[in-house]
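Single-structure report; data block below.
Computed from a prediction, not measured in an experiment: that's the story for all the values here.
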Amino acid sequence: MAEPYTPQSIERKWQERWAAQGLYRTDLHATDRPKFYALVMFPYTSGDLHIGHWYNFAPADAYARFQRMRGNNVFLPIGFDAFGLPAEEAAIKHGIHPFTWTRQNIERMTAQLKTIGGMFDWSRSLATCYPEYYKWNQWFFLQFYKRGLAYRAKAPANWCPHCQTTLANEQVVDGACERCGTPVTRRDLEQWFFRITQYADDLLDFSEIEWPERVVVMQQNWIGRSTGVEFQLGVEGRPDLHIAVFTTRIDTVFGMTYVVLAPEHPLVDQLTAPEQRAAVAAYQEQARRQSEIERLSTEREKTGVPLGSYAINPFNGERVPIWIADYVLSTYGTGAIMAVPAHDERDFEFAQRFGLPIREVIRPPDRAGDAPLTAAYTGPGVMVNSGPFSGLPSEEGKERLADWLEERGLGRRTVNYRLRDWLISRQRYWGTPIPIIYCERCGTVPVPERDLPVLLPEDAEFRPTGESPLKLHAGFVNTTCPQCGGPAQRETDTMDTFVDSSWYFLRYLDPHRDDVPFDQALATRWTPVDQYMGGVEHAVMHLLYARFFTRVLHDLGLVPYKEPFKRLYNQGIILGPDGQRMSKSRGNVVNPDDYVRQYGADTVRAYLMFLGPWNAGGPWSPQGIQGPWRFLNSVWELASEDPPAPAQPDARAEADLRRLMHRTTKIVTERYASFQFNTMLAELHTYRNGLQRARGRVSAALWDEAIRRLLLLLAPTAPHLTEELWERRGYSGSVHLQAWPTWDEALTVEERVNLVIQINGKVRDQIEVARGLSEEQVRPLVLERPKVQAAMDGRQVRKVIYVPDRLVNLVIG
RNA sequence: GCCGAAGUGGCGAAACUGGCAAACGCACCGCACUCAAAAUGCGGCGGGCGUACGCCCUUGUGGGUUCGAGUCCCACCUUCGGCACCA
């Protein structure tokens with residue numbers, strides 16, 4: 001009787017031994033093998049590694065191990081995303097300094113992470129809250145600033161009038177301050193931006209990356225490129241004024257019955273007639289009070305106020321009223337629109353509410369001319385009521401009207417994006433200080449590079465006011481101007497943590513360098529990342545910012561490529577046993593540590609990989625983990641003790657086992673490579689079943705080879721178990737340093753196959769035949785079958801469909 | 001509303017390029033081992049009819065293409081995810 005499988009002691013033993021041997025320290029300078037940079041999205045230092053982390057890291061680690069055994073020099077780093085709001089909130093709530101809180105969490109999470117048994121290279125770990133890291137955020141900021149890619153402008157922030165502080169979006173709950181419940185308003189503050197819009201078009205080029213289609217689509221929607229025309233409207237009685245509007249439907253311009261400006265539009269004052277002043281001012285005030293979220297809600301009924309002035313349509317000289325309404329955004333296009341209610345749903349709704357005229361100018365092919373419009377028609381059609389352009393197809397009309405405007409210098413074709421510049425200012429303590437100094441005499445002065453890092457002072461005070469402690473820290477704020485030496489103040493805002501995560505993959509290569517942000521030679525050799533693995537929740541922000549950042553680095557000559565992550569894979573989400581998203585309030589949270597204690601990390605890894613397709617996720621079943629547990633136990637038993645060799649090996653059993661061995665090797669290899677871990681493990685189950693059948697019936701040499709393969713194929717998934725068995729069976733070296741097994745294609749196929757016989761598409765019989773028979777060879781065999789004779793019932797064969805080695809379909813009638 | 005993904009046994013799922021639907025596993029049932037239980041092993045396990053050889057039905061719904069459809073096409077229903085007045 002073999003000793004039982006005790007994962008706890010085995011796993012501890014190998015984790016210690018691997019660390020002592022430096023088994024997972026990647027030699028980044030090795031040139032004997034191709035490099036492979038595998039990357040997982042670094043965890044936020046929340047304090048606890050939850051099942052979602054395991055679901056990302058364990059299969060990702062198996063994939064990295066597979067790539068390593070296949071002969072690649074694999075680098076799989078790990079680190080911590082360590083700045084951000086929760087640390088600050090913990091500081092206020094528990095009276096603990098963000099630094100302490102974060103450091104403790106890093107320690108705890110590091111210990112948890114090590115139980116996964118991953119091939120992380122801990123010698124190159126990093127955390128973004130250390131000056132050696134964030135110094136380079138500041139350095140990048142200065143490079144961006146030099147190139148005009150960082151600028152300061154007024155931007156609205158969420159503002160709590162009661163707490164007198166700005167709030168992050170996460171701190172706004174249902175439009176109210178999470179701390180005191182006061183409705184949140186907007187307040188304009190001077191804040192810092194990165195000019196990502198300059199790269200909008202370039203970011204739409206996905207040709208060099210292999211990413212999930214849906215992520216690409218999300219980014220495309222986010223960037224939101226739309227082509228159209230911007231043109232000028234005259235103002236009645238004010239030849240000095242013009243209103244610029246943007247439209248994608250210039251073909252509908254003869255249907256313009258009014259014009260709308262955003263409430264914040266700079267021309268509102270000049271365009272407001274005296275009798276409308278009070279109403280307009282009141283509307284503007286109301287719009288200002290409303291938060292962005294409320295204002296953007298589509299549920300709301302549309303509101304607006306006429307200015308009492310009129311715009312002139314350049315195409316026909318018609319005068320139309322000018323309104324302000326908050327359904328027009330000041331931040332998109334020109335902040336003003338031509339309203340065509342007949343062909344735009346929003347304008348239609350507004351016109352109906354305020355009794356404005358609705359004039360049809362595009363006729364759909366299937367519509368009679370006399371029926372009144374009951375809804376906006378937004379499709380293409382033939383232009384009507386459009387003066388000289390009537391009768392043109394609308395698509396052609398777009399071009400003609402654009403030409404007409406451009407010829408007269410009244411407008412031009414242009415492109416707009418939904419994408420806004422990246423607001424990086426946070427009115428918070430726990431982040432990278434923005435390296436800017438404000439001097440009364442010299443204005444905005446960047447901190448000289450030699451003075452970096454601008455250190456985050458540790459002796460800050462945390463008060464529950466929500467105000468950034470940096471603002472109250474005299475020693476930090478007050479400084480001298482690097483240009484004139486006079487008194488000056490530091491910028492007290494810190495950077496968005498997405499800056500940290502935009503380039504961490506480069507820092508991993510040499511995380512403690514003090515002279516450069518990253519080693520350029522290593523970066524040229526190792527990046528871009530070959531395979532990035534993480535949750536789809538980062539489909540837009542993080543991944544888009546990193547792509548932008550990398551493009552800037554490219555233009556700065558720091559890296560020779562534009563895309564940071566060549567391939568991306570999104571794992572799904574692990575749900576609670578009830579099939580719902582895990583949450584503390586539902587009480588369905590699965591703690592991975594409990595299962596690791598009970599079954600060991602290898603079983604947890606195998607179960608996470610087996611429970612469903614990796615990109616789909618699914619419910620965690622406390623019973624389902626029994627499957628992988630039993631499987632690993634049976635592997636343990638098979639490999640621990642060899643059966644007595646038979647006096648005479650069974651030739652049939654040997655042939656079957658050999659074929660199964662090669663077949664399994666092939667399929668398992670393909671499945672690892674394509675992230676199909678669930679079916680990869682199903683294949684190994686089948687292999688295990690075959691081994692149990694063959695046990696004691698095949699030669700000792702073949703048995704040993706079959707078990708050896710089992711361990712190799714399973715090693716990426718269950719690294720501890722296989723390493724232990726590898727050692728016990730007397731093989732030398734680590735199982736994880738072995739070459740991946742190969743297979744002989746000819747040995748993967750059966751020489752006899754089951755041929756299905758269908759009659760009129762229904763399965764009626766099957767025969768076992770040699771592989772590779774021709775239709776002529778098969779036909780008589782099929783026709784003589786009694787079942788076929790019976791089913792044919794004397795009728796004629798009209799047609800025979802033969803799929804070699806699969807089926808014969810007789811069409812009779 | 002728009003964009004995207006997906007609907008298959010009691011459950012998680014599998015099915016390469018249109019070719020035996022339900023591999024692999026969980027749960028369950030029966031048997032063996034046991035004083036007993038657990039663990040383990042063996043067998044069964046979509047539905048209906050039939051003593052049986054077997055026959056019929058079944059991949060969200062309704063149509064279509066095809067010798068043949070879970071897979072392709074059209075319409076619809078449901079669920080999940082993203083965006084949400086971007087002119």
What nucleic acid atoms does [X] come within less than 4.0 Å of, heavy atoms only: base, sugar-phosphate, or nothing?
X: A:Pro613; result: sugar-phosphate
X: A:Arg688; result: sugar-phosphate
X: A:Asn678; result: sugar-phosphate
X: A:Leu611; result: sugar-phosphate
X: A:Gln766; result: base
X: A:Asn809; result: base
X: A:Arg806; result: base
X: A:Phe631; result: nothing
X: A:Ser621; result: nothing

Expressed in whole Å, how much space separates the [atom1] atoms belonging to [N] and [M]?
N: B:rC42; M: B:rC77; atom1: C1'; value: 46 Å
N: B:rU66; M: B:rA5; atom1: C1'; value: 28 Å
N: B:rU59; M: B:rG46; atom1: C1'; value: 11 Å

- Message: Determine whether a donor-acceptor pair (one donor, one acceptor, N or O, separation below 3.5 Å) exists between the side chain of A:Gln758 and the base of B:rG19.
- Response: yes
- Query: For the base of B:rC26, is there a side-chain donor-acceptor partner from A:Arg630 under 3.5 Å away?
  - Reply: no
- Over how many whole Å does the gap from A:Asp805 atom CG to B:rC16 atom C1' extend? 15 Å
- Task: Write down the distance between CG (A:Asn689) and C1' (B:rG25), rounded to a whole number of angstrom.
- Result: 11 Å
- Query: In dot-bracket, 5' to 3', how would RNA chain B read with Watson-Crick or G-U wobble pairs under 3.5 Å, [ ] for crossing ones and | for pairs to another strand?
  - Reply: (((((((..(((......[....))).(((((.......))))).((((....))))..(((((..]....))))))))))))....
- Query: So does A:Tyr332 get a side-chain nitrogen or oxygen closer than 4.0 Å to the phosphate oxygens (OP1/OP2) of B:rA87?
  - Reply: yes
- Under 4.0 Å between a side-chain N or O of A:Ser226 and OP1 or OP2 of B:rA87? yes
- Under 4.0 Å protein heavy-atom contacts per nucleotide of nucleotides 45-58 of chain B, with B for base, S for backbone only and - for none: ---------S-SS-
